[in-house]
Colleague: 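I'd like to ask you about the structure that follows.
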Number of protein chains: 2
Amino acid sequence: MTRATYHHGALRQALIDGAREILAERGHEQFSLNEVARRAGVSTAAPYRHFSGKDELLAAVSDQGYATLHEALAGTAASATDVRERLLRMSGAYVRFAHDHPDLFLTMFRGRAVASPVGVESFEVLRQVVVDAQAAALLPAGPSPELMARSIWATLHGLAVLSLRRPHERFGLDESPEDLATGTLTAMFGL
Amino acid sequence: MTRATYHHGALRQALIDGAREILAERGHEQFSLNEVARRAGVSTAAPYRHFSGKDELLAAVSDQGYATLHEALAGTAASATDVRERLLRMSGAYVRFAHDHPDLFLTMFRGRAVASPVGVESFEVLRQVVVDAQAAALLPAGPSPELMARSIWATLHGLAVLSLRRPHERFGLDESPEDLATGTLTAMFGL
DNA sequence: ACCTGAACACCGTTCAAGT
DNA sequence: ACCTGAACACCGTTCAAGT
């Protein structure tokens with residue numbers, strides 16, 4: 001039996017990939033570091049050459065998740081010239097990401113974990129859309145863009161988290177993530 | 001050595017109390033069913049007479065958490081006659097609860113856990129305040145109270161979850177939970 | 001009816017040893 | 001430098017046995 005030989009950090013990425021697989025298959029509560037090693041075909045001690053432990057591997061997985069989320073948000077933000085459309089598409093993309101990768105999303109924002117610096121870029125994209133929306137009188141112009149952006153982030157994040165639960169208490173299954181997000185923002189700001 | 005003898009479900013409550021202790025001391029990620037049993041002075045198999053397993057014990061803990069949260073919300077909602085004040089106090093109480101009992105809060109809303117029916121009562125309290133706020137033109141009257149209430153719930157929940165992380169990315173440590181909640185609602189609705 | 005004692009498979013982590 | 005093999009304490013859960 002030829003066992004794969006890893007070099008130059010190839011095992012590191014293989015472990016991250018395996019972790020994402022398990023996350024998608026079994027969920028973040030069943031996640032096991034030993035199983036990640038098993039899938040990569042290495043001993044349970046091998047991951048410790050690349051990560052200080054389970055938490056650091058999950059942090060690396062989170063970082064890649066933040067990068068993927070950022071692409072989705074930046075992509076939708078750039079996909080329209082109309083400010084209202086940009087705000088709504090971006091909002092939909094946030095909740096959509098949570099629904100498409102629920103356990104990755106929950107891992108990224110798990111408990112009291114340390115926030116990723118990558119998330120800052122995404123916040124900046126949202127902040128810029130908010131600046132434009134305030135200029136267009138779509139959002140109240142009184143509060144600072146900073147405050148307004150984190151208020152909207154909180155709303156989207158709450159929607160994402162609460163709609164991931166089951167049974168979907170008060171958050172209909174029938175609605176798509178996009179409808180949930182846009183419906184909420186439309187209701188709050190009369191867009 | 002006299003070992004406590006449990007009867008009539010006394011062990012059940014002792015296990016729930018012990019679980020809340022561990023949650024407060026070590027956090028929900030370090031929570032261990034065996035340690036709960038150890039603290040109660042029983043064998044690790046004993047809890048299985050009262051709960052089907054770890055998840056069911058945590059569900060029972062969550063239920064008591066929902067009851068405590070409900071008291072806090074209903075209490076603040078009744079503490080003022082002014083509609084605006086009621087809405088803001090209730091909002092502050094939600095985020096305050098999360099900060100005062102972070103790991104209990106995270107356990108209640110952990111991952112994809114099943115929502116507690118007890119939470120429905122709390123939602124009803126919020127919905128009623130929203131009805132009054134809409135009548136007083138404090139909140140937009142167009143959307144249904146149901147939609148408006150879950151939008152606000154999502155906002156408060158997002159604030160709670162995100163402000164629990166560390167370092168408090170974009171959510172200042174300096175702000176009290178109450179200021180965080182009222183500041184956000186004030187910004188969004190121009191209250 | 002309720003709890004113990006002992007076991008099972010599995011977990012995260014450590015460390016001496018191999019190559 | 002990177003990985004193995006074996007061990008450690010601990011985990012959730014099961015089950016026959018005690019009272």
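Protein chains get the first letters and strands the later ones, always in sequence-line order, with residue 1 at the start of each. All values below were derived from every heavy atom in this structure, side-chain atoms included, with hydrogens, water molecules and symmetry-related copies excluded.
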Colleague: One thing to verify: whether B:Arg89 and B:Glu178 come together as a salt bridge, which I'm taking to mean a side-chain N less than 4.0 angstrom from a carboxylate O.
Modeller: no
Colleague: Looking at the side chain of A:Glu35, which of D:dG12, C:dA6, C:dC11 is the nearest nucleotide?
Modeller: C:dC11
Colleague: Round to the nearest Å and state the distance from A:Arg12 atom CZ to D:dC3 atom P.
Modeller: 13 Å
Colleague: Suppose we define a pair by two distances each less than 3.5 Å, Watson-Crick or G-U wobble; what does D:dC8 pair with here?
Modeller: C:dG12
Colleague: Identify which nucleotide among C:dC11, D:dT4, D:dT13 has an atom closest to any side-chain atom of A:Ser43, counting heavy atoms from C-beta outward.
Modeller: D:dT4
Colleague: Nearest to the side chain of A:His50 - C:dT14, D:dG12, D:dC3?
Modeller: D:dC3
Colleague: Just how far, in rounded Å, is C1' of D:dC11 from CG of B:Asn34?
Modeller: 6 Å
Colleague: Can a side chain N or O of A:Arg49 be found less than 4.0 Å away from OP1 or OP2 on C:dT13?
Modeller: no
Colleague: Does D:dG18 have a Watson-Crick or wobble mate here (both distances under 3.5 Å), and if so which one?
Modeller: C:dC2
Colleague: From CZ of B:Arg26 over to C1' of D:dC10, roughly how many Å is that when rounded to an integer?
Modeller: 13 Å
Colleague: In whole angstrom, what separates A:Tyr48's OH from C:dT13's C1'?
Modeller: 4 Å
Colleague: Judged by each residue's nearest nucleotide on DNA chain C, which is more toward the 5′ side, A:Ser32 or A:Ala45?
Modeller: A:Ser32
Colleague: Tell me the interatomic distance from B:Leu15, atom CG, to D:dT13, atom P, rounded to whole angstroms.
Modeller: 14 Å
Colleague: CZ of A:Arg38 versus C1' of C:dG12: gap in Å, rounded?
Modeller: 12 Å
Colleague: For a quick test of reading the model, state the closest non-hydrogen atom pair linking B:Asp63 to B:Ser116 and the distance between them.
Modeller: OD1-OG, 3.1 Å
Colleague: Roughly, in whole Å, what's the span from CD in B:Gln30 to P in D:dC10?
Modeller: 13 Å
Colleague: State yes or no: are the ring centers of B:Tyr66 and B:His70 separated by less than 6.0 Å?
Modeller: no
Colleague: Salt bridge check, A:Glu35 against A:Arg38: does any charged N sit closer than 4.0 Å to a carboxylate O?
Modeller: no
Colleague: Starting at the 5' end of DNA chain C, which residue's closest nucleotide do you reach first, B:Ala46 or A:Ser52?
Modeller: B:Ala46
Colleague: Restricting to pairs with a member in residues 147-160 of chain B, which pass side-chain hydrogen bond (donor to acceptor under 3.5 Å, both in side chains), not counting sequence neighbours?
Modeller: A:Thr155-B:Thr155, A:Glu175-B:Arg150, B:Tyr94-B:Trp153, B:Tyr94-B:His157
Colleague: Among C:dT13, D:dC3, C:dC3, which nucleotide sits nearest the side chain of A:Lys54?
Modeller: C:dT13
Colleague: Specify the separation, in whole Å, of atom CZ of B:Arg39 and atom P of D:dC11.
Modeller: 11 Å
